[in-house]
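All chains are named by letter (A, B, ...) in the order of the sequence lines, taking the proteins before the strands, and each is independently numbered beginning at 1.
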Amino acid sequence: MDFTIRAANLEDCKDIARMTLELAEYEKVSEHVKVTQKDLEQDGFCKNPFFHGIVAEVPDQHRTKDGHVKIGFALYFYSYSSWKGRSVYMEDLYVMAEFRGKGIGKALMSKVAQLGMAAGCNQLNFTVLDWNKASMDFYMSQGCFDVTANFGYHYMKCEGEALERLAQP
Amino acid sequence: MKFKIRTAKQEDCKEISRMIMDLAVYEKMPEQVKISHRELERDGFCHNPFFECLVAEVPEEHKSSQGHTTVGYALYFYTYSTWKGPSVFIEDLYVMPEYRGKGIGSSLMAKVAQVGKEKQCVRLQLSVLDWNTPSLDFYVRKGAQDLTASEGWHALRFDGEALDKLAAEAPKD
């Protein structure tokens, strides 16, 4: 199936918001999603954007039954390793269910890697849930390694009241 | 002991680099450190910096046995959660051993949280090695939750040849 990968623009935020919710449902955490289309527009397309996006599109003849042609996306931003330097972090990688198995996810991830390397990055980092075998198998087949399993790194977060308390002067 | 937390300047990068190596030694992976103060100077102080940094300083009379007055740092950057919005990630938090237990680590972490809040961040994240009990305990006391333990999140990475190969397979524009 023909598809194109291109940089996301402001108008894509509606579809990115839709697919973000689909991804959250897949990850069984849709009630946690607070970000809206408007937030994505503000945060991704301001003077110093918090993230960058790429979108996968199919030709009109392959549109979904709901009429969507934007059928996958990857959202990423630049980060830093104090050991290795510039890095790129892939926050989301998603392809709508009926378009999987056609190389679209791989193309999106490769594009993030290419863009990151062009910016001088030498690492591509992301996270995956341990029960998400389909994704884990996909990523491993592409040659990544599991930093948590191999080195024992745990991800921690502080939010809500705990963050308020922490930020007290 | 009196100490000051301030925003790092480009001139601090040599000291930050020294402490990055100390932290890597503590984490038992000094051979993993590939960048020097030069990369920090370039990447932290350019037009769109890749990170921000705070340093902790003590007065001259409390300098270390090697003459250092810069005794701790926090290196962080902004990230984005498509669920929750802007976040701040603490890449490194470090205080030299002889200056621990004096509130310096807490102050560095609190300052990052404050800076993050000013930028509308709703979350602060970091990673810690599972065997590093003193640090794990410190973060949990501060209200952090372990997402790997509670939800099963794993950090994955592409680097070296695997990254080169992946990038080479990107569709042409």
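Looking at B:Gln120, neither its backbone nor its side chain comes within 4.5 Å of chain A, counting heavy atoms on both sides. In this structure, chain B has a heavy atom under 4.5 Å from the side chain of A:Met136, while its backbone stays farther away. Heavy atoms closer than 4.5 Å to chain B are found in both the backbone and the side chain of A:Asp146. For B:Phe158, the parts lying under 4.5 angstrom from a heavy atom of chain A are both the backbone and the side chain. If you measure heavy-atom distances from A:Gln142 to chain B, the contacts under 4.5 Å come from both the backbone and the side chain. Only the backbone of A:Ala119 comes within less than 4.5 Å of a heavy atom in chain B; its side chain stays farther off. Looking at A:Asn125, both its backbone and its side chain come within 4.5 Å of chain B, counting heavy atoms on both sides. Neither the backbone nor the side chain of B:Tyr76 comes within contact range of chain A, judged by heavy atoms closer than 4.5 Å. Neither the backbone nor the side chain of B:Asn132 has a heavy atom closer than 4.5 Å to any heavy atom of chain A. Both the backbone and the side chain of A:Leu40 come within less than 4.5 Å of a heavy atom in chain B. Contact annotation for A:Val112: neither backbone nor side-chain heavy atoms come within less than 4.5 Å of a heavy atom of chain B. Heavy atoms closer than 4.5 Å to chain B are found in the side chain of A:Glu27, but not in its backbone. Using a 4.5 Å cut-off between heavy atoms, B:Ser36 makes no contact with chain A at all. There is no contact between B:Ile16 and chain A, counting heavy-atom distances below 4.5 Å. Of the two parts of B:Asp92, only the side chain, counted from C-beta on, holds a non-hydrogen atom closer than 4.5 Å to a non-hydrogen atom of chain A.
Among B:Gly143, B:Ser106, B:Cys121, B:Ser150, the residue making the largest number of heavy-atom pairs under 4.5 Å with chain A is B:Gly143. When the candidates A:Ala162, A:Ala17, A:Ser82 are compared by the number of heavy-atom contacts under 4.5 Å with chain B, A:Ser82 comes out ahead. Taking chain B as the reference chain and counting heavy-atom pairs below 4.5 Å, the highest number among A:Lys34, A:Met117, A:Arg86, A:Lys111 is found for A:Arg86. Heavy-atom pairs under 4.5 Å with chain B peak, among A:Gly120, A:Ala149, A:Gly160, A:Cys144, at A:Cys144. Note on B:Gly85, B:Gly44, B:Ser81: by heavy-atom pairs under 4.5 Å with chain A, the leading option is B:Ser81. Here B:Asp164 is the residue among B:Asn48, B:Asp164, B:Ile90 with the most heavy-atom pairs under 4.5 Å with chain A. Heavy-atom pairs under 4.5 Å with chain A peak, among B:Lys34, B:Arg123, B:Lys142, B:Met21, at B:Arg123. When the candidates B:Val140, B:Thr79, B:Asp159, B:Val122 are compared by the number of heavy-atom contacts under 4.5 Å with chain A, B:Thr79 comes out ahead. Of all the listed residues (A:Val128, A:Asn150, A:Leu163), the one sharing the greatest number of non-hydrogen pairs under 4.5 Å with chain B is A:Val128. Here B:Met29 is the residue among B:Lys119, B:Glu161, B:Met29 with the most heavy-atom pairs under 4.5 Å with chain A.
The aromatic rings of B:Tyr80 and A:Phe50 lie tilted to each other, with the angle between the two planes from 30° to 60°. Using a 30° and 60° split on the angle between ring planes, B:Phe50 and A:Tyr78 fall in the perpendicular class, above 60°.
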Criterion side chain to side chain contact (heavy atoms under 4.5 Å, CB included) on B:Val128 and A:Tyr153, from CA distance to verdict: CA-CA 5 Å; B:Val128 66; A:Tyr153 278 105; over 6 Å; no
Evaluation steps, side chain to side chain contact (heavy atoms under 4.5 Å, CB included), between A:Val29 and B:Trp83: CA-CA 9 Å; A:Val29 286; B:Trp83 299 351; 3.1 Å; yes
From CA spacing to verdict: side chain to side chain contact (heavy atoms under 4.5 Å, CB included), B:Leu126, A:Lys157: CA-CA 7 Å; B:Leu126 49 108; A:Lys157 72 166 178 189; over 6 Å; no
Residue pair B:Lys84, A:His32: steps toward the side chain to side chain contact (heavy atoms under 4.5 Å, CB included) verdict: CA-CA 8 Å; B:Lys84 300 285 173 70; A:His32 287 212; 4.2 Å; yes
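Crowding of A:Glu161 atom CD: a count of heavy atoms from other residues, nucleotides or ligands under 6.0 Å not exceeding 12.
Between B:Leu166 and A:Lys106, some side-chain heavy-atom pair lies under the 4.5 Å cut-off. No side-chain heavy atom of A:Leu166 sits under 4.5 Å from any side-chain heavy atom of B:Gln114. Side-chain contact between A:Phe145 and B:Arg157 is present, with heavy atoms from C-beta onward closer than 4.5 Å. In this structure, the side chains of B:Leu156 and A:Met140 come closer than 4.5 Å at one or more pairs of heavy atoms. Side chains of A:Ser81 and B:Glu91 form a contact here, defined as non-hydrogen atoms less than 4.5 Å apart. B:Asp43 is listed as a side-chain neighbour of A:Tyr80, based on a closest heavy-atom distance under 4.5 Å.
Counting only distance, with no hydrogens or angles, the side chain of A:Ser110 and the backbone of B:Ala167 share no donor-acceptor pair below 3.5 Å. B:Ser127 places no side-chain N or O within donor-acceptor distance of the main-chain N or O of A:Tyr155, the cut-off being under 3.5 Å.
The heavy-atom pair separating B:Leu163 from A:Ala113 by the smallest distance is CD1-CB, 3.8 Å. Summarising the geometry of B:Ala162 relative to A:Gly143, their closest heavy-atom pair is CB-O, 3.2 Å, with the distance given to 0.1 Å. Annotation for A:Ala167 and B:Lys117: closest pair CB-CD, 3.6 Å, computed over non-hydrogen atoms. Across A:Ile5 and B:Pro171, no two heavy atoms sit closer than the pair CG1-CG, 3.8 Å. Residues B:Thr82 and A:Val33 approach most closely at O-CG1, 4.1 Å, considering heavy atoms. What you find for A:Leu129 and B:Glu151 is that their closest heavy atoms are CD2-O, 3.2 Å.
The hydrophobic cluster containing A:Phe45 does not contain A:Val35, counting ILVMFWY residues as joined when their side-chain heavy atoms lie under 4.5 angstrom apart, directly or transitively.
Going from atom CZ of A:Phe126 over to atom NE2 of B:His154 covers 12.5 Å, rounded to the nearest 0.5 Å.
Every salt bridge (Lys or Arg N to Asp or Glu O under 4.0 Å) that B:Lys165 has, sequence neighbours left out, goes to B:Glu169.
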